[in-house]
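Order of the sequence lines fixes the chain letters, A, B, ..., with proteins taken first and strands second; residue numbering starts at 1 for each chain.
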Amino acid sequence: MSRQSVARAHQKIQELAWEPAYHQPVSQYGTDYTFRRAQKKDPLKQVLRSYFPMQEEKDHRVYGAEDGAIRGNMFRQVQERWLEWQKLFLSIIPLPEISAARAMPLLFRNVPNPELHNGQAIQMIDEVRHSTIQQNLKRLYMNNYIDPAGFNTSLRGFHNDYCGTIGRQFAEGFITGDAITAASIYLTIVAETAFTNTLFVAMPAEAAANGDYLLPTVFHSVQSDESRHISNGYATLLMALADEENQQLLERDLRYAWWNNHRVVDAAIGTFIEYGTKDRRKDRESYAEMWRRWIYDDYYRSYLVPLEKYGLKVPHDLIEEAWNQIWNKGYVHEVAQFFATGWLANYWRIDPMTERDFEWFEYKYPGWYDRYGKWWENYARLSEPNGHHPIVAEDVDYQYPHRCWTCMVPCLVREDMVMDEVDGQWRTYCHEACRWTDAVAFRPVFEGRQTPNMGQLIGYREWETLYHGWNWADVVSDMGFVRDDGKTMTAQPHLNLDPKKMWTLDHLRRMPPLQSPNVLLNEMTPEERETFRANYVRGGPAGRPAPAEA
Amino acid sequence: MTTSQQAASQQAASQQQRSVPKPVFTDAEAGAKVFPDSDSSARRFNYFVPARRKQTHYEDVTVEVQPDPRHYLSQNWLYGFADGRGGYPLDWTVLRAWGTDQPEPKRFPGSGGKGYEWPALGWHEFRDPNEEWELTLYRYNANVVRQLNQNVENARQTKAFGQWNRNWVRFVERNLGAWMHVDHGLGLYLYANAQRRAPTNMHNNAISVNSMHRIRSAQDLALYNLTLTEEIAGFDGTAHIEAWNSDPAWQGVRETAEQLTAIDDWCEAIFAGNVVFEPLVGELFRSHLVQHAAPRNGDFVTPTIVGAEEYDYAERDLRYTIPMFGLLTNDREFAGPNKSVMDGWLAAWVPRALAAARALQPLWSQPDAKPPRFEDGLDAAKSRFSGIVTDLGLAVPKELAQ
């Protein structure tokens, strides 16, 4: 910037705001929060005169690296196991990014501090950057990686796939419902401050270990913007804390946002990092170790806990429970196993685990082999078509799970499954915290308090419902997960691109029809339902059906 | 063991301790094998139909990022507002694109996931002719601010501000300063607000870039004002606040700008802002007053600052606005009703814009060296406006004669 210091320039642009004298700006998004007390300064002190050249310089580095990767033929040393999972990740992430841009106006009328609006507008355009720079990376992968299938159908796949639906919460949660719940607590206070660490720092490190240095190039550039967004959230949170009547809502929203982020992000990123890597050095951090460092220490202990002195009620129990799920209950392993069980309903290839992988898992997660080893051996055995069904329809000691109505990840830690009749429908939940989110938090009255602006969980939340009674070949065809010969599936449970080893729609025709667990649950008598519940929670780990009672 | 041997031994030991992932030759590059979908024709996003024969880079990074339950979004929106509606409701504007009246595809147990064929809605046919995405928007705006910095710095070094006559100093501190409030208010509360509300990513991205143009212009003017405070003895850097708050000449503009931010319908907001207010008020003030008056009063710097905003509007923001509304005035199902709605918007907003423009008239007599007459400037602005309206296939409203 010429001559003027950033601080002086920032001070000057505060003169731009004005109080309306004739007409108030339109108010389109409601909140049950109040902001009557504190004013908070914009912590960013970002002025566009320096912002645009800074971002352009960052772009130069990103696109220079991309050119270098192509010229240096990075794809000769990229691990297919890794890049295949990017077909899922890069189909999801541009929507959460652009949704974060769309979320910013929710705050304009509800956070009555024009100084913060400057930071929110910059976040808006940052998010346009993130969304399009990530789409561009995916385009580069599609053009240069050996197997474009799944990249080329990316957004159609994302929009109609059950994994995409899980990821979509990480976008729609930003833009609907109570404006502060969505655009501040869920988006900036939890998603960006806590979970972008694993998304945009931990995961790119794993990409680099798998020969892909473009993911770190793009996502570290993205992450360098996130620190500004975190400041936006922090400023708003401090303002909210100044009004005592917000504390009940803050407690509710932190519980919901924390738990939902854990369920969704840890499911996806945990799977990518643990099951998408070929780097099995024993001294490389596991996802659990990364989580402990980035989220438990850096976010929980260093960011959230100090806010207690301002009256914030930190959900200690749910944070400890999230760790318990990851470390003791095998949450990430259960999710990866489910993704692999349902490989045929997706649009990427999932590599079987090998002895080397087993050894690493056993070293990092003692007891892993006893729980999951046999199943992964079966997965490898059944990976190439040879007269048998895909693993989901074979007897491998795995009970197809019910889906959580709230987070839409299946109820994989079987003992935690909770069942409830909500809005006239029997629903299963992966954990009591998810039941609470649907039945208690997302309601117009919360603990006796009117919360008319709280959002709703909507949509056809169980994917299997749509295909209840369908033949699997028709399901895959309906979703469009078929290659250009019209029969070979996009997804494969291995990485062998020999057409003779690849599954086709013909292989699926012989399978029994797909059944919706939720439709079946609602067809049960009360007694049958209770028997089902009691049986389900005795199942697991690793999806094992409940042992027969003596 | 010699010292050098010891050093070598220590180095070897430390190298053994280093743990790094080993590069592995995987041969995972395009074309390495032949299999279904390995052909180069499979290397394109195949979930949308490009506007032209070949899909553009812009389309690849923009189209379909924002989903639509009418085609692919089989499980529909997952989170709703308190009224149970999620996503981007089509009735956030009264304008309609073809397909709007078709009910959303019904999904139920066993329904399958299919919706209508892409695009299902005429809204998805819009493409920003500026092809804005992150690469283009940062390049463009970085170039603008770099050039402005150089212009101001050069003027400072050559003492160019010393050539301004006193009345022109007063004019700039008050009136150019007042305009930055318009840019800031509309940038945030009209344009940034509207980018939450359109039914496609192409619309919302174009609008968000428009928003940044206005916010950047506001800051360009504010920082220019700061420089002038430092460079010109007696330049009152806060005079713009008084002008904006209480100068009668500015109250019409202020009232209209505030009314623009109060619009609920996102299409009406963009239409009123870019089709009506900008040509009749924005360009009138910038092109027909400031740009003409400045050189006659010894100021060769201000036009370069204001010229950047002129270019933003004329060559970028208006450029996307015309096809955005042109698709709707030529819509195969709703062209007639859409034109009627837009005619109503013209009837409502043209008088407001003209009243705001006329209230500015005293400004024309303030500089020592006068710009061309106000009425001539207004005629030119009206002519420009008529051309835009005609380009959209709309009739020039009778209110323009006021």
*Could you go through the side-chain contact (heavy atoms from CB on, under 4.5 Å) check for B:Val61 and A:Gln134 one step at a time?*
CA-CA 8 Å; B:Val61 297; A:Gln134 292 161 5; over 6 Å; no
*Test A:Gln28 against B:Asp264 for side-chain hydrogen bond (donor to acceptor under 3.5 Å, both in side chains), laying out the working first.*
CA-CA 8 Å; A:Gln28 292 160 319; B:Asp264 181 65; 3.0 Å; yes
*asked:* For a side-chain contact (heavy atoms from CB on, under 4.5 Å) check, start with the C-alpha distance between B:Thr26 and A:Phe75, then their side-chain angles and the critical distance, and finish with the verdict.
replied: CA-CA 8 Å; B:Thr26 58; A:Phe75 292 90; over 6 Å; no
*side-chain contact (heavy atoms from CB on, under 4.5 Å) evaluation trace for A:Leu48 with B:Ile215*: CA-CA 8 Å; A:Leu48 294 179; B:Ile215 297 171; 3.7 Å; yes
_Between A:Asp59 and B:Leu135, does the side-chain contact (heavy atoms from CB on, under 4.5 Å) criterion hold? Intermediate values first, please._
CA-CA 7 Å; A:Asp59 272 3; B:Leu135 192 66; 4.0 Å; yes
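Contact annotation for A:Pro452: only backbone heavy atoms (N, CA, C, O) come within less than 4.5 Å of a heavy atom of chain B. For a residue to count as touching a neighbouring chain, one of its non-hydrogen atoms must lie under 4.5 Å from one of that chain's; by this rule A:Gln24 touches chain B with the backbone only. With a 4.5 Å cut-off on non-hydrogen atoms, A:Asp147 touches chain B through its backbone and its side chain both. Using a 4.5 Å cut-off between heavy atoms, B:Glu132 does not touch chain A at all. If you measure heavy-atom distances from A:Asn453 to chain B, the contacts under 4.5 Å come from the backbone alone. When heavy atoms are compared at a cutoff of 4.5 Å, A:Ser516 does not approach chain B at all. Heavy atoms of A:Asp498 lying under 4.5 Å from chain B are absent altogether. Interface remark: A:Leu514 contributes no atoms to any contact with chain B (heavy atom separation under 4.5 Å). With a threshold of 4.5 angstrom between heavy atoms, B:Ile241 approaches chain A through side-chain atoms but not through N, CA, C or O. Looking at B:Asp220, both its backbone and its side chain come within 4.5 Å of chain A, counting heavy atoms on both sides. With a 4.5 Å cut-off on non-hydrogen atoms, A:Met408 touches chain B through its side chain but not through its backbone. If you measure heavy-atom distances from B:Ser40 to chain A, you find no contacts under 4.5 Å at all. Looking at B:Tyr58, there are no atoms closer than 4.5 Å to chain A (heavy atoms on both sides), in backbone or side chain. Interface remark: B:Trp118 contributes no atoms to any contact with chain A (heavy atom separation under 4.5 Å). Proximity to chain A involves both the backbone and the side chain of B:Arg216, based on heavy atoms less than 4.5 angstrom apart. When heavy atoms are compared at a cutoff of 4.5 Å, A:Ala101 approaches chain B by way of both its backbone and its side chain. Contacts between A:Phe442 and chain B at a heavy-atom distance below 4.5 Å involve the side chain alone, from C-beta outward. Heavy-atom distances place both the backbone and the side chain of A:Asn160 under 4.5 Å from chain B. Neither the backbone nor the side chain of A:Asp32 comes within less than 4.5 Å of any heavy atom in chain B. At a 4.5 Å heavy-atom cutoff, the contact between A:Arg281 and chain B is made by side-chain atoms alone.
Scanning all heavy atoms of the two residues, the minimum distance from A:Lys12 to B:Gly237 falls at NZ-O, 2.9 Å. Nearest heavy-atom pair across B:Asp37 and A:Pro148 is O-CG, 3.1 Å. Residue A:Ser131 comes nearest to B:Val65 through the heavy atom pair OG-CG1, 3.8 Å, listed as atom of the first residue, atom of the second, then distance. The minimum heavy-atom distance linking B:Glu258 with A:Pro20 is given by the pair OE2-CA, 3.3 Å. Of all non-hydrogen atoms in A:Glu56 and B:Ala142, the two that sit nearest each other are OE1-CB, 3.4 Å. What you find for A:Arg483 and B:Pro36 is that their closest heavy atoms are NH1-O, 3.2 Å.
Between A:Gln135 and B:Trp133, the side chains place no donor N or O within less than 3.5 Å of an acceptor N or O (distance only, hydrogens not considered). With hydrogens and angles left out, the side-chain atoms of B:His57 and A:Asn136 include a donor and acceptor closer than 3.5 Å. When only modelled atom types and interatomic distance are considered, B:Asn201 and A:Arg102 share a side-chain donor-acceptor pair under 3.5 Å. For the residue pair B:Asn225 and A:Glu15, no side-chain donor N or O sits within less than 3.5 Å of a side-chain acceptor on the partner. There is a side-chain donor-acceptor pair under 3.5 Å between A:Asn118 and B:Gln219. When only modelled atom types and interatomic distance are considered, B:Arg43 and A:Asn152 share no side-chain donor-acceptor pair under 3.5 Å. Side-chain contact of B:Tyr79 with A:Gln456: a donor-acceptor pair under 3.5 Å is absent, judged by distance alone.
Chain B forms the most heavy-atom pairs under 4.5 Å with one residue out of A:Val519, A:Asn210, A:Ile133, and that residue is A:Ile133. The candidate from A:Asp178, A:Thr153, A:Val475 with the greatest count of non-hydrogen atom pairs under 4.5 Å with chain B is A:Thr153. Annotation: maximal heavy-atom pairing with chain B below 4.5 Å, among A:Tyr467, A:Tyr162, A:Trp470, A:Phe52, occurs at A:Phe52. Note: A:Gln169 leads A:Lys487, A:Glu462, A:Gln169 in heavy-atom pairs under 4.5 Å with chain B. Between chain B and the residues A:Leu95, A:Val62, A:Thr451, A:Asp279, the most heavy-atom pairs under 4.5 angstrom are made by A:Leu95. The greatest number of non-hydrogen atom pairs below 4.5 Å with chain B, out of A:Leu16, A:Asp478, A:Asp485, A:Val128, is found for A:Leu16.
A salt bridge links B:Glu230 with A:Arg8: the closest approach of a Lys/Arg side-chain nitrogen to an acidic carboxylate oxygen falls below 4.0 angstrom.
B:Met212 is listed as a side-chain neighbour of A:Met124, based on a closest heavy-atom distance under 4.5 Å. A 4.5 Å side-chain heavy-atom check between B:Asn76 and A:Ile458 finds every atom pair outside the cut-off. Taking the side chain as every heavy atom from C-beta outward, A:Tyr145 and B:Glu29 never approach each other to under 4.5 Å. With contacts defined as side-chain heavy-atom distances shorter than 4.5 Å, the pair B:Trp77/A:Tyr460 does not qualify. The closest side-chain heavy-atom distance from B:Phe25 to A:Gln77 is not below 4.5 Å. A 4.5 Å side-chain heavy-atom check between A:Pro53 and B:Val145 finds at least one atom pair inside the cut-off. Annotation: side chain of B:Glu134 is not in contact with side chain of A:His130 (no heavy-atom distance under 4.5 Å). The side-chain heavy atoms of A:Ile146 and B:Phe35, taken from C-beta on, include a pair separated by under 4.5 Å.
Separation of atoms CD1 (A:Ile98) and CD (B:Gln195) is listed at 7.5 Å; rounding is to 0.5 Å. Going from atom OH of A:Tyr22 over to atom CZ of B:Arg254 covers 6.5 Å, rounded to the nearest 0.5 Å. Atom CD in B:Glu64 sits 10.5 Å away from atom CZ in A:Arg156 (nearest 0.5 Å).
Taking the ring centroids of B:Tyr189 and A:His117, they lie under the 6.0 Å cut-off.
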